[in-house]
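Any value given below was found using the heavy atoms of this structure, including those in side chains, with hydrogens, waters and symmetry copies removed. Each chain gets a letter, A, B and so on, in the order the sequences are listed, and its residues count up from 1.
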2 protein chains.
Amino acid sequence: MPAKPTGSQRKPRNSAAPRPAPETGSEPALSLDRIVATAVDLLDADGIGGLTMRKLADRLGAGAMSLYWHVDNKEAVFDLALDAVLEYRAGQSPAGAQDWREEVLHMLEDWRASMLRHPWSVSLLPRRALGPNILCRLELLGRALSRAGVAEADLNAAIWSLWNYVMGATITRGSFERSADDLAAAQQSLAGLSERYPTIERSRLLLDSDWDGAFRDGLDFLLSGLAPKTTPT
Amino acid sequence: MPAKPTGSQRKPRNSAAPRPAPETGSEPALSLDRIVATAVDLLDADGIGGLTMRKLADRLGAGAMSLYWHVDNKEAVFDLALDAVLEYRAGQSPAGAQDWREEVLHMLEDWRASMLRHPWSVSLLPRRALGPNILCRLELLGRALSRAGVAEADLNAAIWSLWNYVMGATITRGSFERSADDLAAAQQSLAGLSERYPTIERSRLLLDSDWDGAFRDGLDFLLSGLAPKTTPT
DNA sequence: ACCTGAACACCGTTCAAGT
DNA sequence: ACCTGAACACCGTTCAAGT
């Protein structure tokens with residue numbers, strides 16, 4: 001069997017001048033980066049069930065089996081697409097270290113926003129391995145919390161609490177967003193059963209929820225609990 | 001086309017004496033309940049990708065296409081299996097209304113436990129519709145929070161914050177649980193990159209996290225924020 | 001080193017038909 | 001009312017082979 005790149009140590013990334021003169025004017029030759037990029041496009045367009053090795057290869061102007069030289073299998077494509085979408089462009093936060101609280105809020109809202117931009121990512125994340133970009137986000141979060149005075153012994157619990165909250169909020173928001181009609185229908189059918197579900201029927205739980213506001217509020221409560229020394233805004 | 005049961009109004013549930021004398025001694029005849037039950041078994045055994053209409057029918061001793069008389073399609077099987085697994089047996093909480101806080105904690109921990117018992121359920125929930133059992137849990141949660149003094153205007157935000165947290169915690173826990181080896185390997189590879197991820201490497205984030213403890217702690221913080229009038233335990 | 005087509009063992013679902 | 005087999009249009013992946 002040929003020595004193909006193993007899963008752990010991947011293709012060397014195109015550093016500076018990659019293109020070695022495209023033979024024909026048609027397609028710029030296969031590469032891991034191109035594969036991942038078009039996989040993301042396809043996922044954005046057709047959702048998680050719309051990504052097909054055959055369709056992906058087609059879109060790249062390649063034979064169906066050509067992908068398998070660059071990639072171990074379909075799972076690997078998912079892993080790569082997921083991590084690609086979660087890159088964290090730091091430096092976004094204005095000026096130096098203002099309030100640590102604002103910094104953490106910004107990081108987590110950016111995380112949520114990144115995932116909502118690619119709704120498939122959120123349902124993929126929990127079952128896949130942690131790629132470098134995800135680890136980077138966790139690292140930065142850990143640093144910020146440390147700086148905020150969270151004790152070393154409480155750090156893991158704090159990180160995971162926040163991670164859990166962000167994941168849950170994003171997953172819920174992302175999946176409910178998709179089908180506003182379904183939600184209306186569901187709330188409608190709730191009305192018919194109002195003797196069974198009076199409370200959430202009255203509060204119109206399925207309809208007029210302010211997702212962004214609820215997200216921020218809950219986060220505020222968590223942060224207050226995790227690092228109680230600081231005063232809330 | 002024959003008048004088969006539509007998606008919204010399903011088969012009348014077997015009320016009292018269903019079996020009309022099983023012709024042969026072999027199989028007790030197809031029914032929605034049997035289909036859902038074996039679907040759950042199959043999902044428990046082989047995970048989300050292991051459920052196949054063909055395998056399901058086989059396991060039921062039926063032809064592959066017989067399922068489609070009872071069920072619209074595979075998605076419907078997922079919906080039914082999911083809701084079946086999330087039934088809430090109330091009355092579990094001892095005696096009358098003790099502390100509302102304990103009541104809510106119990107409800108949410110039971111929810112989490114139900115999903116962890118069927119790890120596939122948690123990755124299914126966010127993309128499926130809300131079945132009656134899920135709605136029931138939301139209703140009970142809403143009532144408890146109301147009783148605890150959460151204002152009507154804040155009720156939806158409170159419910160969703162808790163829901164988000166539980167979802168996130170369960171999803172993370174469930175997926176990380178599956179592959180302890182992978183985690184160890186990941187933490188190992190972190191060591192190699194300790195100059196990139198020093199903080200989470202030092203805290204051994206991927207290894208010695210106390211999931212159950214972290215879950216309870218974060219929940220406590222949330223509850224303190226949501227209904228600040230009550231004193232923490 | 002990189003790409004390919006044919007082939008295998010699967011899928012979910014439609015349809016026309018059986019009892 | 002309930003169940004079925006044949007058939008269709010797909011899948012992911014192996015393999016032996018091309019350049």
Side-chain angles (χ1 to χ4, degrees), chain A residues 1-7 9-14 18-24 26-35 38-39 42-43 46-81, chain B residues 1-7 9-14 18-24 26-35 38-39 42-43 46-81:
Chain A
M1 54 192 84
K4 56 186 286 189
T6 77
Q9 62 178 59
R10 275 178 217 110
K11 245 22 201 348
R13 315 200 125 242
N14 300 354
R19 291 176 239 144
E23 303 278 349
T24 90
S26 55
E27 293 288 350
L30 233 37
S31 77
L32 230 204
D33 290 349
R34 275 190 74 226
I35 292 178
T38 40
L42 239 140
L43 284 165
D46 300 341
I48 219 166
L51 178 58
T52 273
M53 293 304 265
R54 286 164 139 105
K55 248 160 57 177
L56 180 54
D58 228 58
R59 190 109 138 196
L60 286 159
M65 294 305 103
S66 309
L67 302 176
Y68 284 87
W69 198 90
H70 301 267
V71 148
D72 276 351
N73 47 33
K74 194 185 181 183
E75 300 239 307
V77 177
F78 277 135
D79 285 344
L80 293 168
Chain B
M1 53 191 84
K4 57 187 284 189
T6 76
Q9 62 178 59
R10 277 178 215 112
K11 245 20 202 345
R13 318 201 124 244
N14 300 356
R19 290 177 239 145
E23 303 277 349
T24 91
S26 53
E27 291 287 352
L30 234 38
S31 77
L32 229 203
D33 290 349
R34 275 191 74 226
I35 292 179
T38 39
L42 240 139
L43 284 164
D46 301 341
I48 219 164
L51 178 58
T52 274
M53 294 303 265
R54 287 164 139 106
K55 253 164 48 180
L56 180 54
D58 228 57
R59 190 109 140 196
L60 286 160
M65 293 305 102
S66 310
L67 301 176
Y68 284 88
W69 197 89
H70 301 267
V71 146
D72 276 350
N73 47 33
K74 194 185 181 184
E75 301 239 305
V77 177
F78 277 135
D79 285 345
L80 292 169

>> For a quick check of understanding: with a heavy-atom distance under 4.0 Å over all strands, which category does A:Thr52 fall into, base, sugar-phosphate or nothing?
In response: sugar-phosphate
> Rounded to whole angstrom units, what separation is found between the CG atom of B:Asp72 and the C1' atom of C:dT13?
Replying inline: 12 Å
>> Distance check needed: C:dC2 P versus A:Arg34 CZ, whole Å only.
In response: 15 Å
> Where the side chain of B:Met53 is concerned, which of C:dA1, D:dC2, C:dG12 is the nearest nucleotide?
Replying inline: C:dG12
> Atom CG of B:Leu60 and atom P of D:dC2: how far apart are they, to the nearest Å?
Replying inline: 16 Å
> On a whole-Å scale, what distance lies between the P atoms belonging to C:dC2 and D:dA17?
Replying inline: 22 Å
> Atom CD of A:Glu75 to atom C1' of D:dT13: distance rounded to whole Å?
Replying inline: 13 Å
> Taking CG from B:Leu51 and P from C:dC10, how many angstroms apart are they, rounded to a whole number?
Replying inline: 16 Å
> Checking all strands, does B:Ala62 fall into the base, sugar-phosphate, or nothing category for heavy-atom contacts under 4.0 angstrom?
Replying inline: sugar-phosphate
> Counting only Watson-Crick or G-U wobble pairs whose two distances fall under 3.5 Å, which nucleotide matches D:dC8?
Replying inline: C:dG12
> If you look at every strand shown and take non-hydrogen atoms under 4.0 Å, does B:Leu56 touch a base, only sugar-phosphate, or nothing?
Replying inline: nothing
>> Here's a test of your reading of the structure: between A:Arg54 and B:Gly63, which maps to the more 5' nucleotide of DNA chain D?
In response: B:Gly63
> Rounded to the nearest Å, what distance is computed from the CH2 atom of residue B:Trp69 to the P atom of nucleotide D:dT4?
Replying inline: 14 Å
>> Rounding to an integer number of Å, can you tell me how far B:Asp46 CG sits from C:dC11 P?
In response: 11 Å
>> Contact between B:Leu60 and B:Leu67 at the side-chain level, heavy atoms closer than 4.5 Å - yes or no?
In response: yes
> Nearest-Å distance, NZ (B:Lys55) to C1' (C:dG12)?
Replying inline: 14 Å
> What does B:Met65 touch in the nucleic acid at a heavy-atom separation under 4.0 angstrom: a base, only the sugar-phosphate, or nothing?
Replying inline: base
> Checking B:Lys74 side chain against B:Met53 main chain: does a donor-acceptor pair fall under 3.5 Å?
Replying inline: no
> Atom CG in B:Leu42, atom CG in B:Leu51: separation rounded to 0.5 Å?
Replying inline: 6.0 Å
> Taking the side chain from B:Asn73 and the backbone from B:Ala76, do they hold a donor-acceptor pair closer than 3.5 Å?
Replying inline: yes
> Out of A:Val71, A:Ile35, A:Leu30, which residue meets the side-chain contact (heavy atoms from CB on, under 4.5 Å) rule with A:Ser66?
Replying inline: A:Leu30
> Is there a side-chain polar atom (N or O) of B:His70 under 4.0 Å from OP1 or OP2 of D:dA1?
Replying inline: no
